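As structure tokens, the structure follows; a few thoughts come after it.
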Number of protein chains: 2
Amino acid sequence: MTLAGQLHQMGTGKTTDAPASVHDIYERVVSAIIEHRLPPGTQLVEEKLAAVFGVGRSRIRTVLARLAHEKLVLLQRNRGAFVASPSVEQARHVFGARRLIEPGLARLIIERATQTDIGRLREHVAKEQAARTANDRRAIIRLSGEFHVLLGHIVGNTFVTEMLQELTSLTCLIIVLYDSPALPACPHNEHADIVNAVERRDGEAAARLMLKHLDHVESSLHLVDQDSREIDLEAVFNKA
Amino acid sequence: MTLAGQLHQMGTGKTTDAPASVHDIYERVVSAIIEHRLPPGTQLVEEKLAAVFGVGRSRIRTVLARLAHEKLVLLQRNRGAFVASPSVEQARHVFGARRLIEPGLARLIIERATQTDIGRLREHVAKEQAARTANDRRAIIRLSGEFHVLLGHIVGNTFVTEMLQELTSLTCLIIVLYDSPALPACPHNEHADIVNAVERRDGEAAARLMLKHLDHVESSLHLVDQDSREIDLEAVFNKA
DNA sequence: AGCTATCATATTGTAGACAATTTAGTCTGC
DNA sequence: GCAGACTAAATTGTCTACAATATGATAGCT
């Protein structure tokens, strides 16, 4: 498939010929990566992207730099930009970081969540359920991540929310790379359980359920070095 | 003082006329901000920085973009880059995020820290003590931050370490902005207490001490809207 | 064949030129 | 004196051309 095809979003049929803004380009590349229309490892050549979006290389460059800082792309000096392909180690680090943050977040949320917030959470969980019955794998993965970001929003801490944004995006990549083909990402709706605990204002339960949820997602993955990018050639061929 | 003066680092008397690399420029600007030779709110004009470092604007641009992503500088579209001047709200968010991460980190570290690691921690604490007796305020603030980053390194999780890097850098700015002039940042050596708990392999104590430490630092600040950048004019003059 | 050196190609890194934008200052008419 | 429009200066946003670099191909030598 062409790069243009991979990046094309339905419904954005802009008829104006104003060049795409940095923000738009960023959004479109991100969703292409998250929904893995651009699979891990894909090289993103600046000039080609520039042609696709009808802009110069400089705009593409700022987008790629930003993506690199969020670890969604890997920038190799003088070599180019590649869609990130998290190693097993990185994957474990992502879950490690999430375990550090999210149970505490769930505990915090009990104090902050208004009834409106809880309504929004329920709404989101319903969307997830719909995607699950429709068996729309892409939507399931995306919505699963967004649930956690939504929790961040409710707590209202910018930094935490941005960290979660980053960590959940990477989790999407990780799931794509390491999911054991058997079962989909979040088999039962553990998110609903968490929302229930929040509504009961049971902070400890929410934290516990969150931790269980993260452990569950991680353990449902097949986290062994296989086709992961950056195979450690040393380890493979050195007897030492 | 001139911009060149603010950015000049003693001891880096490079005699080669090779232009500064992006990395070097980044490092030098960061330390200038952290040690507040570039105080919060300072505008960083691309062309002037380019002249100081003897490079074109593009390199400066990538550095500024990176700093903006780490929230050490604020990038205002079509207006320019300014050294970050965290609002009270942002300051509270920083501490909120740290409270979420670091107690858990302290608990984790009990499992990972080797005797070598603990030695390194002690060494660091000693440096802090030295800076404190020498009354070297800049060094105290910098080393205080580095202690927490060091904990991240020991746990060995890249993401967590980078988050801490970002959060502690911002904390340096916050301390500069909001420190009540009375007492220095970390009055007693709470870091040493934490190291002791780690050595005793008492995870709960380490976590508890870390939380106490963070609360202590935050409460020693004078976190009320005063001269914080971005004064909310609406709130000031609108009766509503 | 196998190895090395050289060259060709593709791609990024950087600088500089120009356009777009913001800001502040100035002028004019009232 | 003051509101508004216009102008001028400073600064960023973007594009494009060129240099530097990495990678793969080719040719020649042993």
Side-chain angles (χ1 to χ4, degrees), chain A residues 2-4 6-7 14 16-29 38 41-85 229-231 233, chain B residues 2-4 6-7 14 16-29 38 41-85 229-231 233:
Chain A
T2 66
L3 190 56
Q6 288 165 304
L7 286 164
K14 297 248 267 180
T16 69
D17 52 356
S21 72
V22 168
H23 183 260
D24 290 343
I25 297 172
Y26 169 80
E27 294 285 340
R28 287 178 63 179
V29 176
L38 288 172
T42 310
Q43 180 166 15
L44 302 173
V45 176
E46 296 177 0
E47 213 155 52
K48 291 181 184 171
L49 284 171
V52 168
F53 289 108
V55 299
R57 268 175 58 213
S58 28
R59 290 196 195 183
I60 302 297
R61 219 133 207 291
T62 65
V63 169
L64 290 178
R66 192 164 153 193
L67 289 168
H69 200 270
E70 295 169 9
K71 299 201 199 308
L72 278 181
V73 318
L74 181 63
L75 225 49
Q76 296 193 42
R77 177 168 174 97
N78 282 324
R79 298 243 8 257
F82 302 82
V83 177
S85 181
R229 203 75 18 197
E230 285 297 324
I231 293 178
L233 292 179
Chain B
T2 67
L3 190 57
Q6 288 165 305
L7 287 164
K14 297 246 268 182
T16 70
D17 51 356
S21 73
V22 168
H23 182 260
D24 290 342
I25 298 172
Y26 169 80
E27 293 287 339
R28 287 178 62 180
V29 176
L38 288 172
T42 310
Q43 180 165 12
L44 302 173
V45 176
E46 296 177 1
E47 213 154 52
K48 291 182 184 172
L49 284 171
V52 168
F53 289 108
V55 299
R57 269 175 58 214
S58 24
R59 289 198 194 182
I60 302 298
R61 222 135 205 292
T62 65
V63 170
L64 290 178
R66 190 163 153 196
L67 289 168
H69 199 271
E70 295 169 9
K71 299 200 198 308
L72 278 183
V73 317
L74 181 63
L75 226 48
Q76 296 194 43
R77 177 169 173 96
N78 282 323
R79 297 244 8 257
F82 302 82
V83 176
S85 180
R229 207 76 17 198
E230 284 298 325
I231 292 176
L233 292 179

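Every value quoted in this text rests on a predicted model; they were computed, and no experiment measured them. Chain letters run A, B, ... following the sequence lines, proteins first, then strands; residues in each count from 1.
C:dT11 atom P lies 14 Å from atom CG of A:Leu64, rounded to whole Å. A straight line from NZ of A:Lys48 to P of C:dA10 spans 10 Å, rounded to a whole angstrom. Here the C1' atom of nucleotide D:dT14 and the CZ atom of A:Phe53 are 17 Å apart, to the nearest Å. A straight line from CD of A:Gln43 to C1' of D:dT23 spans 11 Å, rounded to a whole angstrom. Note: CG (B:Leu75) to C1' (D:dT11) measures 12 Å, nearest angstrom.
Counting only heavy atoms from C-beta outward, the side chains of B:Val63 and B:Val22 approach each other to under 4.5 Å.
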| task | Indicate for each nucleotide in nucleotides 14-23 of chain C, in 5' to 3' sequence, whether protein heavy atoms under 4.0 Å reach the base (B), only the sugar-phosphate (S), or nothing (-). | result | BB-B---SSS
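Every residue meeting the side-chain contact (heavy atoms from CB on, under 4.5 Å) condition with A:Val55, not counting sequence neighbours, appears here in chain and number order: A:Pro19, A:Ile25, A:Phe53, A:Arg59, A:Ile60. The side chain to side chain donor-acceptor pair (under 3.5 Å) check on B:Arg57 picks up B:Glu46, with sequence neighbours excluded. The side-chain contact (heavy atoms from CB on, under 4.5 Å) search around A:Phe82 returns A:Gln43, A:Gln76, A:Arg79, not counting sequence neighbours. With sequence neighbours left out, B:Ala65 forms a side-chain contact (heavy atoms from CB on, under 4.5 Å) with no residue at all. B:Ser21 pairs by the side chain to side chain donor-acceptor pair (under 3.5 Å) definition with B:Asp24, not counting sequence neighbours.
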